[in-house]
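What follows is one structure encoded as structure tokens, with my remarks underneath.
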Amino acid sequence: MERNREQLPSVCVVTPTRNRPDRLMRAMASVQAQANVTVRHIVLGDDCHFLADPHNAATLHSRFPASTICNVQRSDPAEVPQEEPTYISERVARLRNRGIAMADTEYVAHLDDDNVYHPTHLRSLVDLLEADPAAQVAHSWRRLLTEDGQELVPDGEDPWYGEPAKRAQSYDRLRALGVFTPGSCVMRDTLRAGDQIRGVDTSEFLARRTLHERLLFPARLSPEQRRLGFTEDLAFSHELVRQDIPVLCSRQATVDYYMGGYSTSKASTARRDARLNPPSA
């Protein structure tokens, strides 16, 4: 998609959500506050009672006029052509892919409803891709915060590792690889850490729309991926590495990541367990 020099780059942000209006409005406000880009925000309710109320949807659109709000019912045949996924990350992947299909911009980004962008987030990633036409995806780092907004410094323990007795061991390994830094709340996410493929959180990604035309979030995970606790963003990260797609990192923590999980209550466990025994490259 060509544009004049005077035009700002255009980005579509996709946000799945389910019945967390306060957090959703905080996320939407951070999208609206993005500097030096033109933003469209697609908000997809996951059978969301809050968004099913026309008054609530209209109020959100009035406050955030660049938003498109759609509540996707689980009985929607367009959403579930054969059967409803029982693995939560497959459901989430379908929602993300539905949002991608609605995008009509140069770039597509993602933001979970409980996370927040810094005002420079999108433009910093766009600048990376515009400076390197061969790169297809860019991502940031993130700040870890508690639910009440305090910095969470995971000194000595990996908070995602499901076995408490091994969290210190996991932390030490990731500290040695530069993902964790003692005394810092910043998580320096990377697709590769040593001989491991790491998952970059969905809220950190920005991709060219042309990439998403051939690579979506995997909506069907293998039994082995399920056994290992894969989430859709971890599966997407693995596909980026497997297909050798050029990916850049801003090395800036421009996402505030509130601990507690993705926009449905069941997903917090899935996202935590996704870091259990990540397979090697």
Side-chain angles (χ1 to χ4, degrees), residues 14-16 46 85-100 108-115 125 136-142 144 154 158-163 166-167 170-171 173-174 177-180 186-207 211-212 214-249 255 257-281:
V14 177
T15 295
D46 180 7
T86 57
Y87 192 75
I88 186 64
S89 290
E90 294 179 349
R91 167 69 179 175
V92 176
R94 289 192 177 206
L95 290 170
R96 297 196 195 283
N97 293 342
R98 184 170 179 142
I100 290 168
V108 180
H110 304 272
L111 181 64
D112 286 352
D113 66 351
D114 55 344
N115 296 331
L125 298 180
Q136 299 297 301
V137 182
H139 70 87
S140 68
W141 289 340
R142 53 182 158 153
L144 304 184
D158 178 355
W160 282 277
Y161 205 89
E163 298 179 61
K166 295 184 178 180
R167 287 176 183 169
S170 177
Y171 175 89
R173 181 175 66 252
L174 293 175
L177 294 169
V179 177
F180 289 124
V186 173
M187 192 159 187
R188 294 161 174 78
D189 288 310
T190 178
L191 286 180
R192 286 188 179 273
D195 62 352
Q196 291 183 353
I197 300 175
R198 293 281 303 171
V200 171
D201 188 78
T202 319
S203 296
E204 299 171 276
F205 274 126
L206 178 136
L211 171 74
H212 272 318
R214 60 186 177 88
L215 181 60
L216 296 171
F217 286 89
R220 280 286 184 257
L221 300 178
S222 69
E224 178 68 5
Q225 287 175 317
R226 289 188 177 199
R227 185 186 70 80
L228 292 170
F230 267 53
T231 51
E232 77 287 349
D233 49 4
L234 184 59
F236 182 74
S237 295
H238 274 250
E239 280 300 303
L240 291 174
V241 174
R242 187 184 70 83
Q243 297 187 30
D244 199 25
I245 293 171
V247 178
L248 303 175
C249 178
V255 171
Y257 182 95
Y258 288 81
M259 300 295 285
Y262 161 70
S263 59
T264 52
S265 59
K266 293 180 182 178
S268 60
T269 299
R271 295 180 72 83
R272 180 189 67 228
D273 292 347
R275 300 308 192 260
L276 275 171
N277 304 315
S280 299

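None of the values given here were measured: they were computed from a predicted structure.
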Between the side chain of [X] and the main-chain N/O of [Y], is any donor-acceptor distance below 3.5 Å?
{"X": "R188", "Y": "V186", "result": "yes"}
{"X": "R142", "Y": "V255", "result": "no"}
{"X": "T15", "Y": "L111", "result": "yes"}

Indicate yes or no: does R96 engage D112 in a salt bridge with an N to O separation below 4.0 Å.
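Yes.
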Heavy-atom side-chain contact between [X] and [Y] under 4.5 Å:
{"X": "S170", "Y": "R173", "answer": "yes"}
{"X": "L174", "Y": "R198", "answer": "yes"}
{"X": "L240", "Y": "F205", "answer": "yes"}
{"X": "M187", "Y": "W141", "answer": "no"}
{"X": "R94", "Y": "R220", "answer": "yes"}

Partners of F217 by ring-ring contact (aromatic ring centres under 6.0 Å, His included), sequence neighbours excluded?
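Partners of F217 by the ring-ring contact (aromatic ring centres under 6.0 Å, His included) criterion, ordered by chain and then number, come out as H110, F236.
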Rounded distance (nearest 0.5 Å) linking atom [atom1] of [X] with atom [atom2] of [Y]:
{"X": "I245", "Y": "L215", "atom1": "CD1", "atom2": "CG", "result": "5.0 Å"}
{"X": "T202", "Y": "L234", "atom1": "OG1", "atom2": "CG", "result": "10.0 Å"}
{"X": "E232", "Y": "S237", "atom1": "CD", "atom2": "OG", "result": "10.0 Å"}
{"X": "T190", "Y": "L177", "atom1": "OG1", "atom2": "CG", "result": "9.0 Å"}
{"X": "L228", "Y": "S222", "atom1": "CG", "atom2": "OG", "result": "8.0 Å"}
{"X": "I197", "Y": "R192", "atom1": "CD1", "atom2": "CZ", "result": "5.5 Å"}

What are the two closest non-hydrogen atoms of [X] and [Y], and how far apart are they?
{"X": "C249", "Y": "D189", "answer": "SG-O, 4.4 Å"}
{"X": "M259", "Y": "L144", "answer": "SD-CD2, 4.3 Å"}
{"X": "G99", "Y": "V14", "answer": "C-CG2, 3.7 Å"}
{"X": "A93", "Y": "P218", "answer": "CB-O, 3.3 Å"}
{"X": "S89", "Y": "T231", "answer": "OG-CA, 3.3 Å"}
{"X": "D233", "Y": "V200", "answer": "CB-O, 3.8 Å"}

By side chain to side chain donor-acceptor pair (under 3.5 Å), which residues pair with E239, not counting sequence neighbours?
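Partners of E239 under the side chain to side chain donor-acceptor pair (under 3.5 Å) test: R242, Q243.
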